[in-house]
Amino acid sequence: MRRAAGLLCLGVLLATAAFGVEPQKQDALVYRLRSYTVEEYATVYSPPQAGTIHLIAGVDNVCEPRYTQVYYWPLSQEYFAAWESLDVEAGGSLEVLKGRRVLERLERQPVAFQSDGAARGRPVLEAGGEALALFARYQAESDRHEKELAEYSESLIRYRQRLRDYMRRSREPGAAGGPPVEPKEPAPLDWYVSEPYEAFVLNLPAGEYRIRLRDEQGEIVEGSERRLQVFAPAGPQGVGYELFSEARWTAAVRSDSAENDIYCSPGADLYLVAHRTEQYFEDHYVKAKNPQAGEVPRRVLHVYGEDLPQDVLVLRSRNDSGRGTDRRIEARPYYVQQLQGADLGYRILPWSPEVAGKDSPTFVGYHLSGQELRGAAAFEIALEQPAAGAGLPGSLRLLRVGRERLELIVWLLPLLPLAAALAVLMPRHRRGGGEDC
Amino acid sequence: MKPREPLGLRLQVFWALFRRDLGMVFRHPAIYLIVGLVWLALAWFSHNFLFSLDKLGVSVAADPVRIPYLVSVMLIALYLAVASGMSLAQERENRTLEVFFYGPVTPAARVLSLFLRDASVFLVCAASFLVLAFVAGGFTRLFPGSYTLRSVGLSVCLVWPTLGLSLLASAAVRRTRTAVILVVGVFLVFAALQAAGILLAALPAEGLSLAALVARGSLMALLRVLEWLSPLGYLAHVNDAILASSPFQTAAVLAAAAGYTALMLALATLVLARREKGA
C-alpha cells in the first residue's frame, strides 16, 4: 500500500515536471499591429494590459483587432496572446478620437506588404485597390518566373542529353559540329508581396488619441478602447554609415551622426554602406516595437532605414596645409566570398555574374582603398546627389587614419610630472625642508 | 564670544589660507604622482585604442579620449577625497586648528579655504590632462573632442560633492588615520553599491525567478535613491549628462551637486565649530 502511494506521488511529480504549470488564460480583444519602424513593418501585439499604443506619425500603420486569449508570463513580465487557442476577427469599424471628438471612422481595407531582396529599400505597404493590384502583379510575375524555371529545367535535361550525344560522337572519327550551348538560368525573383488581408490603416499626425471599435449594431465593443500616442521624429533625417574592413565584414561598426568620427588603421581597405537615418526618442520608438517594454531612457536614437546606393561619396583629404583634392567614388555592388580551407576569413570582390554565379550582390557600397587612405592623416567624407549636384545633409564625417602603434614618446610623457616633482622638491630638500609647516 | 572681524580682513585671511594650502599641495610629491598616473592612463588607453584599431581595421568613436578622462576623474577624485579627509583631522592632531581659531580664522573660512584648494587642484589636474591629450594627439591622432571638453567642464563642478563629504568626515573625527579609514570606507561602500546596481541592471530578467525579480526591483529602487546620496554617483552623472545631451538634465545634476556640496560644507562647519567649542 505504502509502495503504491509512493509510486502515485512519483507519477504526479513527474507529470507536473513534464507538462509544467499551464498559465491562466483569459479572453481579450488584442490589437495585432504592423507598426512602421523605418527598418520594417514590425508585428506588434497590444493586449488590454499593455497600455498605450505607440505609432510613428505621418506613415501608414496597420491595425487589426482580434479576439484571442491572453496570459501573463512572469519571467519576462509580459502578457502574451495564445493565438493557437483562439483567433477570431473582431468585426465593426474603428473610431479614432481626439479628446472627446471622433476624428475618423475607419473601415477595413485590403493591405499587402512588399519586401525587396536586393539593396535594402524602404518597407512598402499598399492599401485598398493598390494592394490587390500589387499582389496581382506579383502573382503574374511569380507565375512567369515559375514557368521560366520549368522551361529551364526542361532545356537543361535536353542540354545534358545533347552533351552526352556530342561526347559520344566526338570520339568517332570525322565527327562534325560543336558542343551544345548551355541554357541560361533565369534571374531569381528578388521581391515578394504578402497575400492581402483586411485591416484598418492608421495614418495620423503627432498627438495623443484614443481608438475603439464600434460594432455593426452601433455599440462600442467592450474592451476595445486604447490610448494611442503618435510621435514625430526627434530631429531631421540624416545619413548613417555601416563600415567594415575586408577581414571583419560581419562585424560592421556604425557612424550615426557627424559627432561619430571614423578611425581606420593605416593600409586597411574600408567598405561603407550608406543608409538614410531617422531620429526618434528611444522611449517612444522602443514602445512602437513593443508596447510592453519597461522603463526606457529618453535619448535620441538613430534608426537605419533604406540604403543610399544612388549617391556619390566624396573623399576629401585634410592635410595640415588645408584641404586637399576631392575624389568621387560611386557605389558598386560587391560580393563577399568566404575563404575555404585553413585560411578562414572573407574576401570582398566587385560583383559580377562571373564571380558570383547566380548569387545576388552581398551589399551595395563604397570602397576606400588602404593605399589611398595612407595619403593623409584625416579625410572628410560626404555624400553628393549627382542629379542635384549638392551634398546630402547629415552625411559629412571626419575619417582619421590612426597610427600603427603608440610611439615611445607617449609612454615617456607620464614621466614628466615626476621630473617636475624632482625639480620642485629636491632644492627644498637640500635647503632642509619647508618653511610653511 | 569672539568679536566679528571686518569683511576685508576676513577675505585677506581666507586668501592667505588658500594660498598657503595650495602651495603645500604642490610641495608634496603626491600630486605629481597622481598627474603622472593620469597621464599614464591616457597613454595606456591610447595604446589599447590603436591596438584594437589595428586588429579591427575600423572603429567609430565620438571621442576616444572621453573614457580615459572619466577614469582620470575617478583617480583624481579618490586622491582629493583622501587629501580632504586628512586635512582638518591632521590640523587637529597637530593642534594647528587651535592656533587658527585664536586668530581671525572662523571654522567656515577654514572649511571653505580647504574646499577651494581641493577644487583648484582638481582644475589643475583636469587642465594638465587636456594639455597632454592635445600633445599626445599629435603623435597618436586621437584628439579630445567636444565630449571630453564638456566632461572637463562638468566634472569640475561634479567633483564638489566628493570634496564636501570628505571635509565633513575630516571635521567629524579626531585622528588622521581614522579620517582616512572613514573616507576610504564610505567611498568603498558607495562604489560597491554602485557596482551592485550595474550588475543587477545587466542581469537578464528571463533567467530570474519571481522572488529574485521582486528583490531586484526593490534593490534597484533603493539604489536609485542612493545614487543621489553618493558623491561617486555625481561623478558617474558626468557621462550620463553628456550622453543625454539635455540641457535640462545637465542643469538638474549641477544644481543637485551644488546643493549637496553646500549641505556637506555647512555640516562640516557646524561640526568643526562644535568640536572646537567643546575643546
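Here is how names work: the chains are called A, B, and so on, in the same order as the sequence lines, proteins then strands, and each is numbered from 1. Quick caveat: nothing in here was measured; it's all calculated off a predicted structure.
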Tell me, out of [options], who's got the most heavy-atom pairs with chain A below 4.5 Å.
| options | answer |
| --- | --- |
| Pro64(B), Gly138(B), Ser128(B) | Pro64(B) |
| Ala136(B), Pro29(B), Ala41(B), Ala61(B) | Ala61(B) |
| Leu53(B), Leu50(B), Ile34(B), Leu40(B) | Leu53(B) |

Identify the two heavy atoms, one from [X] and one from [Y], that lie closest to each other, and give their separation to 0.1 Å.
| X | Y | result |
| --- | --- | --- |
| Val410(A) | Ala43(B) | O-CB, 3.7 Å |
| Phe26(B) | Val424(A) | O-CG1, 3.9 Å |
| Ser265(A) | Asp54(B) | CB-CA, 4.0 Å |
| Leu416(A) | Trp39(B) | CB-CZ3, 3.9 Å |

Please answer whether the main-chain N or O of [Y] pairs with a side-chain N or O of [X] as donor and acceptor at a distance below 3.5 Å.
| X | Y | result |
| --- | --- | --- |
| Ser245(A) | Leu56(B) | yes |
| Arg141(B) | Val401(A) | yes |
| Arg403(A) | Phe139(B) | yes |

Is it the side chain or the backbone of [X] that comes within 4.5 Å of chain B heavy atoms, both, or neither?
| X | result |
| --- | --- |
| Ala268(A) | side chain |
| Phe244(A) | backbone |
| Leu243(A) | both |
| Leu425(A) | side chain |

Atom [atom1] of residue position [X] - does it have more than 12 heavy atoms of other residues, nucleotides or ligands inside 6.0 Å?
| X | atom1 | result |
| --- | --- | --- |
| Trp228(B) | CH2 | yes |
| Arg327(A) | CZ | yes |
| His367(A) | NE2 | yes |

Start with the C-alpha distance between Tyr263(A) and Leu142(B), add both sets of side-chain angles, then the distance that settles side chain to side chain contact (heavy atoms under 4.5 Å, CB included), and finish with yes or no. CA-CA 9 Å; Tyr263(A) 293 83; Leu142(B) 308 176; 3.7 Å; yes
Verdict with reasoning, Arg150(B) to Glu259(A), per salt bridge (charged side-chain N to carboxylate O under 4.0 Å, His left out): CA-CA 13 Å; Arg150(B) 276 186 279 166; Glu259(A) 280 190 333; 3.8 Å; yes
Heavy-atom distances under 4.5 Å only: say whether Leu132(B) touches chain A with side chain, backbone, both or neither.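 The side chain, not the backbone.
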Contacting region of Val135(B) [heavy-atom separation from chain A under 4.5 Å]: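 Only the side chain of Val135(B) comes within 4.5 Å of chain A.
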Can you tell if the side chain of Ile262(A) reaches within under 4.5 Å of the side chain of Val58(B), non-hydrogen atoms only?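 They are in contact (side-chain heavy atoms under 4.5 Å apart), so the answer is yes.
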